[in-house]
Every structure is written in structure tokens, then in C-alpha cells.
Amino acid sequence: MAAAGNVPTGLDKEQIFGMAEKEMEYRVELFNKLTNTCFNKCVEKKYKESELNMGENSCIDRCVSKYWQVNSLIGQLLGSGRPPM
């Protein structure tokens, strides 16, 4: 734990840095999975235009929203220790 006066010791700093590093790796992996999943689902393989069309934009918005909702639900379930519904 922390030494007197709540000053972190060297080991605490290393643990905190390690946890922050793992969190960053997790966030990058999550972003990459979300990007790949929604891109493959919503964007046609043959590009017709340089910009996303309205349908692709709408699909990506829904896909990202659902991805975050599911990710949040899983995090809550894992955090609470409850079995899935």
C-alpha cells in the first residue's frame, strides 16, 4: 500500500503504471475491433464514392452504438459478479 502521507512507493507506482498500460492496450484493442466489425458490416467492398453515403453512415452509427451498449452491459455483469440473464 502507500507509505505515510499517501505517497506511493516505487512498487505502487510500478503497479499503477502497469494497470494504466493494460487499460490502454484494452482500449486500443476494443477500438480496433469496433472499427473492423462496423466497417466490414456497413461499408461496401467496392468503393463507389470517396465519402460514406447516408446508408453507410446510419449503419455505422447504429453499429457503434450497439457495440458500446453490449460492451457496457458485459462490463456491468462482470463487475457485479452476476450470471448473464
Side-chain angles (χ1 to χ4, degrees):
M1 237 22 226
N6 289 334
V7 177
T9 64
L11 183 58
D12 288 339
K13 287 180 183 178
E14 288 178 20
Q15 288 175 336
I16 291 169
F17 182 75
M19 289 176 7
E21 191 172 42
K22 288 290 184 192
E23 178 71 15
M24 181 60 80
E25 290 172 4
Y26 166 75
R27 296 287 177 177
V28 168
E29 181 182 356
L30 179 67
F31 177 79
N32 288 336
K33 285 181 180 180
L34 179 140
T35 301
N36 288 331
T37 299
C38 293
F39 182 85
N40 290 334
K41 178 180 170 146
C42 297
V43 179
E44 289 189 37
K45 304 300 179 233
K46 293 183 179 180
Y47 300 121
K48 298 176 184 173
E49 305 167 6
S50 61
E51 302 288 325
L52 294 174
N53 63 39
M54 189 72 93
E56 292 168 332
N57 271 323
S58 179
C59 179
I60 289 172
D61 284 344
R62 286 191 312 272
C63 181
V64 170
S65 177
K66 287 178 184 179
Y67 205 97
W68 280 119
Q69 287 174 346
V70 169
N71 187 57
S72 176
L73 178 62
I74 291 170
Q76 289 172 2
L77 289 173
L78 290 174
S80 71
R82 288 189 342 220
M85 294 175 204

Does the side chain of E29 reach to within under 4.5 Å of the side chain of K33, using non-hydrogen atoms? yes
Minimum heavy-atom distance E56-E51, with the two atoms named: OE1-O, 4.4 Å
Identify whether L34 and V43 are in the same connected component of the hydrophobic contact network (ILVMFWY, side-chain heavy atoms under 4.5 Å). yes
dist S58:OG -> N53:CG (nearest 0.5 Å) comes out at 10.0 Å
Nearest 0.5 angstrom please: N57 CG to R62 CZ, how far? 11.0 Å
CD1 (I16) and CD (E21) are apart, to the nearest 0.5 Å, by 14.0 Å
I'd like to check K45 versus N40 (side-chain heavy atoms, cut-off strictly below 4.5 Å). Are they in contact? yes
Do Y47 and L52 belong to the same hydrophobic cluster, where Ile, Leu, Val, Met, Phe, Trp and Tyr are linked whenever their side-chain heavy atoms lie under 4.5 Å apart, directly or via other members? yes
Disulfide bond (SG atoms under 2.5 Å apart) between C42 and C59, worked out: CA-CA 6 Å; C42 297; C59 179; 2.1 Å; yes
Hey, quick one: are Y26 and L78 part of the same hydrophobic cluster, counting side-chain heavy atoms closer than 4.5 Å, chains of contacts allowed? no
For V64 and C38, which heavy atoms make the closest approach, and how far apart are they? N-SG, 3.7 Å
Output for pair (W68 CH2, L30 CG), nearest 0.5 Å, gives 4.5 Å
Does some side-chain heavy atom of Q15 sit less than 4.5 Å from a side-chain heavy atom of D12? yes
